[in-house]
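Chain naming here is simple, since letters A, B, ... match the order of the sequence lines and numbering starts at 1 in each. Only this structure's heavy atoms are used, side chains among them; waters, hydrogens and symmetry mates stay out.
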Protein chains: 2
Amino acid sequence: MMEVDFDCCSFFKAVADPNRVKIMMLLARRELSVSEICAHFKMKQPSISHHLGVLKNARIVESRKEGKEVFYRLNACCVSSCCSGFMKRFAGGGEGA
Amino acid sequence: MMEVDFDCCSFFKAVADPNRVKIMMLLARRELSVSEICAHFKMKQPSISHHLGVLKNARIVESRKEGKEVFYRLNACCVSSCCSGFMKRFAGGGEGA
DNA sequence: CTATAATATAGACAGAAATCAATATGATGG
DNA sequence: CCATCATATTGATTTCTGTCTATATTATAG
């Protein structure tokens, strides 16, 4: 009962990278294909695929294949559930600024 | 307006390590000195100090010196504010499990 | 002032992670 | 079947991170 929730750790590890957060912000608006995501970055396509893989392992995004393309979308429930679950562990400070 | 919040990134990077989360859980109950924290880990004291430094830089913990000892306490407001701020960015999925 | 206790800092090292170039896979058009 | 486009995977390289040992700092006791 004093142990750490490793599921949440994979969520936080995924979210600890600014490029991945930027991808999440793009996907928060609408579903996008990999190449559409690439268009927003200087990074090369394999790096984007790598980050998408990390996000997908953490259940933060989901994907759908359509012809040659793969569309990614945000799993907003995962974000809410991990964040609110984490907050609740440390309740007592109330709502921050 | 499409840029990433780097303050929150330092929070998430800090929280992405299981040992640091465990420290946070210990401090959620009560203020503790460094050696009291050490007693809960197999890690050596300098590693604990390192983690405490990371948590402190991220404003997740605060410290107070008393004699030879340094007491750390959780800044629960920081946790709530970062988590809830992050959730709100990705609102739309509602409350998760 | 010296010894000791508590904590922090510095430096070294190993393992993890990010990026890239190159290539493989899979779908589609001709 | 062959060429092409979109994406994923592999392998190499570099950078970052966590841990350790050794040492410095700070406070207190004697």
Side-chain angles (χ1 to χ4, degrees), chain A residues 3-27 30-74, chain B residues 3-4 6-27 30-75:
Chain A
E3 276 316 305
V4 171
D5 179 345
F6 283 96
D7 273 18
C8 245
C9 264
S10 93
F11 171 81
F12 285 123
K13 284 181 81 159
V15 153
D17 180 279
N19 286 320
R20 286 194 288 263
V21 174
K22 189 173 170 186
I23 291 174
M24 290 169 69
M25 288 170 76
L26 292 168
L27 296 179
R30 60 180 179 291
E31 187 182 66
L32 292 171
S33 71
V34 176
S35 46
E36 286 172 317
I37 297 170
C38 285
H40 291 267
F41 289 88
K42 293 173 184 167
M43 269 183 305
K44 302 295 178 183
Q45 173 267 320
S47 301
I48 299 287
S49 274
H50 166 69
H51 287 306
L52 288 169
V54 173
L55 290 170
K56 195 172 179 181
N57 281 333
R59 311 274 179 182
I60 295 171
V61 302
E62 292 167 340
S63 65
R64 172 178 72 82
K65 198 165 192 172
E66 183 178 320
K68 299 181 228 179
E69 292 161 285
V70 178
F71 288 88
Y72 283 84
R73 62 181 173 282
L74 189 69
Chain B
E3 275 315 307
V4 170
F6 283 94
D7 273 20
C8 244
C9 264
S10 93
F11 171 81
F12 285 121
K13 285 180 79 160
V15 153
D17 180 276
N19 285 320
R20 286 195 287 264
V21 174
K22 188 172 169 186
I23 291 175
M24 290 169 67
M25 289 170 76
L26 292 169
L27 296 179
R30 61 182 178 289
E31 187 181 66
L32 291 171
S33 71
V34 176
S35 46
E36 286 173 318
I37 297 169
C38 285
H40 292 267
F41 289 88
K42 292 173 185 168
M43 270 184 303
K44 301 297 179 179
Q45 172 268 321
S47 302
I48 299 287
S49 275
H50 165 70
H51 288 307
L52 288 169
V54 173
L55 290 170
K56 195 172 178 180
N57 281 333
R59 312 271 178 184
I60 295 172
V61 303
E62 295 167 339
S63 64
R64 172 179 72 81
K65 198 165 190 170
E66 185 178 319
K68 301 182 228 179
E69 291 163 283
V70 179
F71 287 89
Y72 284 82
R73 62 180 173 282
L74 189 69
N75 181 5

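Ring pair F12(A)/F12(B) is parallel by interplanar angle, where below 30° counts as parallel and above 60° as perpendicular.
Ranking dA8(D), dA16(C), dA27(D) by closeness to the K68(B) side chain, first place goes to dA27(D). Taking only side-chain atoms of V34(B), from C-beta outward, the nucleotide of dA8(D), dA8(C), dA5(C) with the closest atom is dA8(C). Across dA6(C), dG18(D), dT28(C), the shortest atom-to-atom separation from the side chain of R20(B) is found for dG18(D). When distances run from any side-chain atom of N19(B) to the nucleotides dT19(D), dA8(C), dT7(C), the shortest one goes to dT19(D). Each of dA8(C), dA16(C), dA18(C) was ranked by its minimum atom distance to the side chain of D17(A); first place goes to dA18(C).
Taking both residues in full, the closest heavy atoms of I60(B) and F11(B) are given as CD1-CD1, 3.5 Å, listed atom of the first, atom of the second, then distance. Annotation for D17(A) and C9(B): closest pair C-SG, 4.3 Å, computed over non-hydrogen atoms.
Rounded to an integer number of Å, the gap from K65(A) NZ to dT7(D) P is 10 Å. Following rounding to the nearest Å, E66(B) (CD) and dT28(D) (C1') show an atom-to-atom distance of 13 Å. One can place OH of Y72(A) at 8 Å from C1' of dT7(D), the figure rounded to the nearest angstrom. Distance CD1 (I37(B)) to P (dA6(C)): 14 Å, rounded to an integer number of Å.
A close approach under 4.0 Å does not occur between any side-chain nitrogen or oxygen of K13(A) and OP1 or OP2 of dA16(C). Contact between the side-chain N/O atoms of S35(A) and the OP1/OP2 oxygens of dC5(D) is not found at any separation under 4.0 Å.
Taking CE of M24(B) as the reference point, atom CG of L26(B) lies at 11.0 Å (rounded to 0.5 Å).
Here the side chain of K22(A) pairs no donor or acceptor atom with the backbone of F41(A) at under 3.5 angstrom. Between the N75(B) side chain and the R59(B) main chain, a donor and an acceptor come within less than 3.5 Å of each other.
Side-chain contact between R73(B) and F71(B) is absent, with no heavy-atom pair separated by less than 4.5 Å.
Of the residues in residues 41-61 of chain B, those placing a heavy atom less than 4.0 Å from an atom of DNA chain C are Q45(B), P46(B), S49(B), in numerical order.
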